Amino acid sequence: MNPLTQFTLAELRQRTSVKWRMYADDVLPLWVAEMDVPLATPVAEALHAAVDRGDTGYQYGTAYAEALADFAARRWAWPDLRVDRTAVVPDVMLGIVEVIRLLTGPGDAVVVCSPVYPPFYAFVGHDGRRVVEAPLGPDLRMDPAALDEAFRRVGGAGRRAVFLLCNPHNPTGVVHRRDELEAVAELARRHRVRVVSDEIHAPLVLPGAHFTPYLTVAGAEDGFAVLSASKAWHLAGLKSALVVAGPQAVADLSRLPEEVGHGPSHLGVIAHTAAFRDGGPWLDQLLDGLHANRELLAGLLAQHLPSIGYRPPEGTYLAWLDCATLGPATGPTTGEPGVVTDLAGPARMFLDRARVALSSGHVFGTGGVGFVRVNFATSPAILTEAVSRMGRAVNES
Ligand SMILES: Cc1ncc(COP(=O)(O)O)c(C=O)c1O
């Protein structure tokens, strides 16, 4: 059973989350990273059982971390994800903010590889840290020279700085290789920059690629990773995530304020635990469906929008489309990075003329102007209709 084909468009329009409510009913929403899937049966059953027993108090214990550790050992050959080096946090972005607070002070720098997930700018800036960009290379992979240059500017004796790694990378869908991550660890050590790895998309690696947990690479012992079941099992509304400290970051983790653990939802912890513990077969079906959609999208773009650049992602359910050839019709972009709902350039044009909502490239920072991000975690029918509409909008203009 393909989880991506279980709902009709009419059924999806009954939803009340931001993906389905932000735009009018004639718009096909392929923007924010929510999936058009039902819950995995083990997750739904765990939630129903909790409701039946009135188990809706405060979260407690290590079941979530144990389920993740077991999943990581089975799926990613990560043998030593130690439960006593983890902390439950409300969600990935708040976990990242809390870890950055442990490692830096106001005004300190956080390096990101642009273009990257817009809240990296928004949350880091909101917390009084300075975002410094180390743009991806032309192949959309991390550029060691750009990282070296950025780390040199922000790191060094007596200074505190963090590299916020996106592993796998949103919006490009690049899955970093072990050698690339080792190079990151080596550069970070050399310049005394601490690494925080956002691994929320880790379970969503598609056939042909292999996920490497940052904390398993040589030199990453003082790093942090933040993981969650929320992207891969569609649980963003059921708040919880896990911070994992490397062996040399345990003392830092011990300074995490107790109140941070008050934020996660108990029902969220129950759902996320069930996902990592029992949601593997459902995930495999999802990955088959996403792999098929990745191929379908390639065919649809070749047919309807052949001038658009598309490098099929290795992971995530996000496609990063280069619309530069659509030309001046797409309009200039002037907005700042970080505001996920801001629309300009090709994304504005596709909303106005095709009634398809995409994420606008400019909010992903340097390198994003002229791009759109497509969320293809939807049914083949909706994906086909959306790209057909986009093609008509361009070809009839
Ligand atoms: C790279 C990345 N990090 C974090 C998040 C948000 O995670 P959370 O809702 O747990 O804060 C997303 C959501 O799409 C994401 O793509």
Side-chain angles (χ1 to χ4, degrees), residues 17-19 22 29-37 59 64 68 87-100 110 112-124 126-127 131 136 140 142 162-176 195-205 211 213-214 224-244 260 263-265 267-269 271-273 275-276 290 313-320 337-341 358-361 363-365 368 373-378:
S17 63
V18 67
K19 181 180 189 184
M22 174 71 84
L30 272 62
W31 63 293
V32 67
E34 297 181 15
M35 296 195 288
D36 298 343
V37 295
Q59 67 92 18
Y64 186 10
L68 172 64
V88 187
V89 289
D91 58 33
V92 167
M93 284 315 304
L94 291 179
I96 287 170
V97 165
E98 292 296 342
V99 173
I100 288 174
V110 175
V112 302
C113 284
S114 60
V116 74
Y117 181 57
F120 280 17
Y121 294 86
F123 280 73
V124 167
H126 180 69
D127 207 38
V131 176
L136 299 174
L140 300 183
M142 287 188 292
V162 158
F163 172 43
L164 180 49
L165 168 68
C166 196
N167 179 35
H169 195 90
N170 171 0
T172 59
V174 164
V175 178
H176 308 300
V195 179
V196 180
S197 184
D198 176 339
E199 304 193 340
I200 195 169
H201 290 280
L204 292 167
V205 169
F211 172 67
Y214 179 69
F224 279 91
V226 188
L227 296 106
S228 170
S230 68
K231 281 304 105 170
W233 284 271
H234 182 52
L235 303 175
L238 288 162
K239 293 280 175 188
S240 73
L242 284 164
V243 168
V244 185
V260 175
S265 146
L267 286 178
V269 170
H272 288 229
T273 303
F276 276 123
L290 292 176
E314 299 169 308
T316 77
Y317 45 78
L318 308 168
W320 185 235
V339 184
V340 278
T341 50
L358 307 169
S359 300
S360 186
V363 302
F364 294 79
R373 192 194 71 176
V374 177
N375 170 354
F376 60 82
T378 190

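The shown structure was predicted, so the numbers you read here are calculated from the model rather than taken from an experiment. Only heavy atoms go into these numbers, but all of them, side chains included; no hydrogens, no water, no symmetry mates. Whatever order the structure lists them in is the order used to number ligands and atoms, beginning at 1.
- For ligand 1 and C166, the ligand atoms under 4.0 Å from any heavy atom of the residue are 1 (C).
- Of the polar atoms of I200, none of the N or O atoms is found under 3.5 Å from an N or O of ligand 1, judged by distance alone.
- Checking each of N375, V374, T378 against Y317 for a side-chain contact (heavy atoms from CB on, under 4.5 Å) leaves exactly one that passes, namely N375.
- The nearest heavy-atom contact from the protein to atom 3 (N) of ligand 1 is D198 OD2, 2.5 Å.
- Nearest protein heavy-atom contact of atom 5 (C) of ligand 1 is Y117 OH, 3.3 Å.
- Atoms of ligand 1 found under 4.0 Å from any heavy atom of N170, numbered from 1 in the order shown, are 15 (C), 16 (O).
- Here the straight-line distance linking atom CZ of F276 with atom CG of L227 works out to 6.5 Å at 0.5 Å rounding.
- A donor-acceptor pair is defined here as one N or O able to donate and one able to accept, closer than 3.5 Å; no such pair exists between the side chain of E199 and the backbone of P213.
- With S230 contributing its side chain and L238 its backbone, the two residues share no donor-acceptor pair below 3.5 Å.
- Closest to atom 10 (O) of ligand 1 among all protein heavy atoms lies V92 N, 2.8 Å.
- Of all atoms in ligand 1, numbered sequentially from 1 with element shown, those under 4.0 Å from a heavy atom of A33 are 14 (O).
- Under a 4.0 angstrom heavy-atom cut-off, A236 registers as lying outside contact with ligand 1.
- Judged purely by atom type and a 3.5 angstrom limit, H201 has no side-chain atom pairing as donor or acceptor with the backbone of G173.
- Those atoms of ligand 1 with a heavy atom of K231 less than 4.0 angstrom away are 13 (C), 14 (O).
- Not a single donor-acceptor pair under 3.5 Å links the side chain of H169 to the backbone N or O of Y117.
- To the nearest 0.5 angstrom, L94 atom CG is 10.0 Å from D127 atom CG.
- Using a 4.0 Å cut-off to heavy atoms of M93, the atoms of ligand 1 that qualify are 4 (C), 11 (O).
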